[in-house]
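Let me begin by handing over the structure; questions about it come next.
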Amino acid sequence: MIQGKRIVLGITGGIAAYKGAALCSKLVQAGADVHVIMTESATRFITPLTLQTLSRNAVHIDTFDERDPSVVSHIHLADHADLIVVAPATANSIAKLANGIADDMLSTTLLAATCPLLIAPAMNVHMYEHPAVVHNMELLASRGAMFVEPGTGQLACGYVAKGRLAEPEDIAAAIGAWFARSGILSGKKVLVTAGGTIERLDPVRYLTNDSSGKMGFAIAEAARLMGAEVTVVAGRTTAQAPAGVQVIRADSAQGMLEAVLSLYPETDVVVKAAAVADYRPVQTYDQKLKKTGERLVLELERTTDILQTLGERKTHQLLVGFAAETQDVERYALDKLKRKNCDLIVANDVSAEGSGFNVDTNAVQVYGPEGLVEALPLLSKRETAVRIMDVIARRLRAAGGLA
Ligand code: PMT
């Protein structure tokens, strides 16, 4: 998958810079044309000659060191890269990119680049968990940057904690997997629902749930990275929507139903990650409801089940539901799959530690009509989404819907 790809490898100034050399070597062995950019600080840890020898290309360090008069190096590198990888990425390099600072060869090239970007951070654990670094990484992820998370182990600073650069073979594998996935859904329209619905009682009160939209947005991002045209119908969310997808806001279950149905005929894949209210107040009030007696009894009525409606009207679409369960996960998930006429259902035990609502991780099992298709361990929602989209792509291919 890497053969013949032009990869710009940015190496920044951390002790893990030596692993950048091992990564460079692996990419070259896999057939990539690797062009290395080092920051000045990276050259304190490892020599440019090492990277030049491994990559068989000149190493770029200084923006003003223009060797070829026919091109402007940072623009040329940015324009001709299939992928830019920054490994290791220090807190400083991440902050510069997040904030649009271009004060050296690497940051200038990154700002000029429109190709996909993969970042492999490496730093002390307290730096990695610092709110500023977390914020910068979230910002970059929301703009479409991909991350290979650091591993946990002995750090150069003496801590045994998270922060060491992922192993070069794991970064190379992530790069290979990205090239394998990229574009495989091109021409496909994917519709994702995300977040929780809001069922109004009066102008200031409503019924809702804890869904943040993280899972749905991660699915949308993964589908976009695979080349699909993605629309998200989103209820109430606290997470940031990914770049490059169309977001349609629909607060209530009824609003979400209408938005989804209007897009359904033109859609190839639907993934229903939203937490939709099953009930709404029978009576709603235009004015704020006043206190009267000691008790207030609210009467609720069923909302329309959107997924079930889609299942009934299915023509060519691949329909993927979610099942949020707290017990008997497999039995309830398979029951929903059948009742709602889904092709796949993604079950998550929302009572399990680190899973379900409003966290960054999830542990899901994907079921098809034949039973369990894939059981995923606790992973980041981003990684979970990529693995769910892999299952979806395999189903589309098996059904003859993919080249
Ligand atoms: O948003 P996050 O904070 O990241 O949390 C993610 C999540 C926990 C919300 C997500 O992983 C998840 O489980 N989503 C489905 C939540 C849900 O409503 O599950 P359910 O088992 O009640 O519903 C089953 C399926 O029917 C779901 O696909 C749901 O979207 C759909 N449904 C339910 C009711 C309804 N009226 N219409 C529907 O379409």
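What you see is a predicted model; the values in this text were computed from it and never measured. Atoms within each ligand, like the ligands themselves, are counted from 1 in listed order.
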Check: At what distance is the nearest protein heavy atom to atom 36 (N) of ligand 1, and which residue and atom is it?
Finding: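 Nearest neighbour among protein heavy atoms for atom 36 (N) of ligand 1, to 0.1 Å: Thr304 O, 3.1 Å.
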Item checked: Region of Lys340 that comes within reach of ligand 1 [heavy atoms, distance under 4.0 Å] ->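 Side chain only; the backbone of Lys340 stays clear of ligand 1.
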Next item on the list: Within a distance under 4.0 Å of any heavy atom of Lys381, pick out the atoms of ligand 1 and give their elements.
Entry: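 Per the distance check, 2 (P), 3 (O), 4 (O), 5 (O).
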Check: Looking just at side-chain N and O atoms, do Thr315 and Gln317 make a donor-acceptor pair shorter than 3.5 Å?
Finding: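 Judged by distance alone, the side chains do pair up.
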Next item on the list: Taking only heavy atoms of Asn358 into account, list the atoms of ligand 1 that are under 4.0 Å away from them.
Entry: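 Contacts of ligand 1 toward Asn358, numbered from 1: 2 (P), 3 (O).
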Item checked: Which of the ligand 1 atoms, numbered from 1, are nearer than 4.0 Å to a heavy atom of Lys214 ->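 It comes down to these atoms of ligand 1: 1 (O), 2 (P), 4 (O).
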Notebook entry, point to check: For ligand 1, which part of Ala273 has a heavy atom less than 4.0 Å away: the side chain, the backbone, both, or neither?
Noted result: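 Answer for Ala273: backbone.
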Check: Is there a nitrogen or oxygen of Ala275 sitting under 3.5 Å from a nitrogen or oxygen of ligand 1?
Finding: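 Not met; the criterion fails.
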Next item on the list: Within a distance under 4.0 Å of any heavy atom of Phe357, pick out the atoms of ligand 1 and give their elements.
Entry: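 So the atoms of ligand 1 that pass are 3 (O), 5 (O), 8 (C), 9 (C).
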Note to self: I want to know if ligand 1 touches Gly213 in the polar sense, i.e. an N/O pair below 3.5 angstrom.
What the structure shows: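 Yes, since at least one N or O of Gly213 sits under 3.5 Å from an N or O of ligand 1.
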Checklist line | Min heavy-atom dist Met256 to ligand 1 below 4.0 Å | finding: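 Not so, Met256 does not reach ligand 1.
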Margin query: Regarding Glu229 and Lys188, does a basic nitrogen lie under 4.0 Å from an acidic carboxylate oxygen?
Written below: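 No, no charged N to carboxylate O under 4.0 Å.
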Margin query: Using a plain distance cutoff, I'd like to know if Ser211 has any nitrogen or oxygen under 3.5 Å from a nitrogen or oxygen of ligand 1.
Written below: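 Indeed, backbone or side chain, Ser211 has an N or O that close.
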Note to self: I need the contact type for Asn348 against ligand 1. Using non-hydrogen atoms and a strict under-4.0 Å cut-off, is it side chain, backbone, both or neither?
What the structure shows: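 It is the side chain that touches ligand 1; the backbone stays farther off.
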Check: If you count the atoms of ligand 1 from 1 in the order shown, which ones are under 4.0 Å from a heavy atom of Thr303?
Finding: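 In order of number, 36 (N).
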Margin query: Considering non-hydrogen atoms of the protein only, which is the closest contact for atom 20 (P) of ligand 1, and what is the distance?
Written below: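 In this structure, atom 20 (P) of ligand 1 has Lys336 NZ, 3.7 Å as its nearest protein heavy atom.
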Next item on the list: Determine, step by step, whether Glu370 and Arg395 satisfy the salt bridge (charged side-chain N to carboxylate O under 4.0 Å, His left out) criterion, reporting the C-alpha distance in whole Å, the side-chain angles of both residues, the deciding distance to 0.1 Å, and the verdict.
Entry: CA-CA 13 Å; Glu370 73 276 36; Arg395 289 278 147 147; 2.4 Å; yes
Item checked: atom 23 (O) of ligand 1: nearest protein contact (heavy atom, Å) ->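 Nearest neighbour among protein heavy atoms for atom 23 (O) of ligand 1, to 0.1 Å: Phe322 O, 3.9 Å.
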Next item on the list: With heavy atoms only and a cut-off of under 4.0 Å, state how Asn362 meets ligand 1: side chain, backbone, both or neither.
Entry: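 Within the 4.0 Å criterion, Asn362 contacts ligand 1 through side-chain atoms alone.
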Notebook entry, point to check: What are the two closest heavy atoms between Val192 and Gly216, and how far apart are they?
Noted result: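 For Val192 versus Gly216, the nearest heavy atoms are CG1-O, 3.4 Å.
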Item checked: ligand 1-proximal atoms of Ile306, by part, heavy-atom distance under 4.0 Å ->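 It is both parts that get close, each with some atom under 4.0 Å.
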Next item on the list: For ligand 1, note which part of Ala274 has a heavy atom under 4.0 Å away: side chain, backbone, both or neither.
Entry: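 Within the 4.0 Å criterion, Ala274 contacts ligand 1 through backbone atoms alone.
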Next item on the list: Return yes or no for this condition: an N or O of Ala324 is under 3.5 Å from an N or O of ligand 1.
Entry: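 The answer is yes, given that Ala324 and ligand 1 share an N or O pair closer than 3.5 Å.
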Margin query: Only heavy atoms of Leu307, strictly under 4.0 Å: list the atoms of ligand 1 that pass.
Written below: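 What qualifies from ligand 1 is 25 (C), 26 (O), 28 (O), 31 (C), 38 (C), 39 (O).
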Check: If you measure from each heavy atom of Ala277 to ligand 1, is any distance below 4.0 Å?
Finding: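 Flag set, Ala277 near ligand 1.
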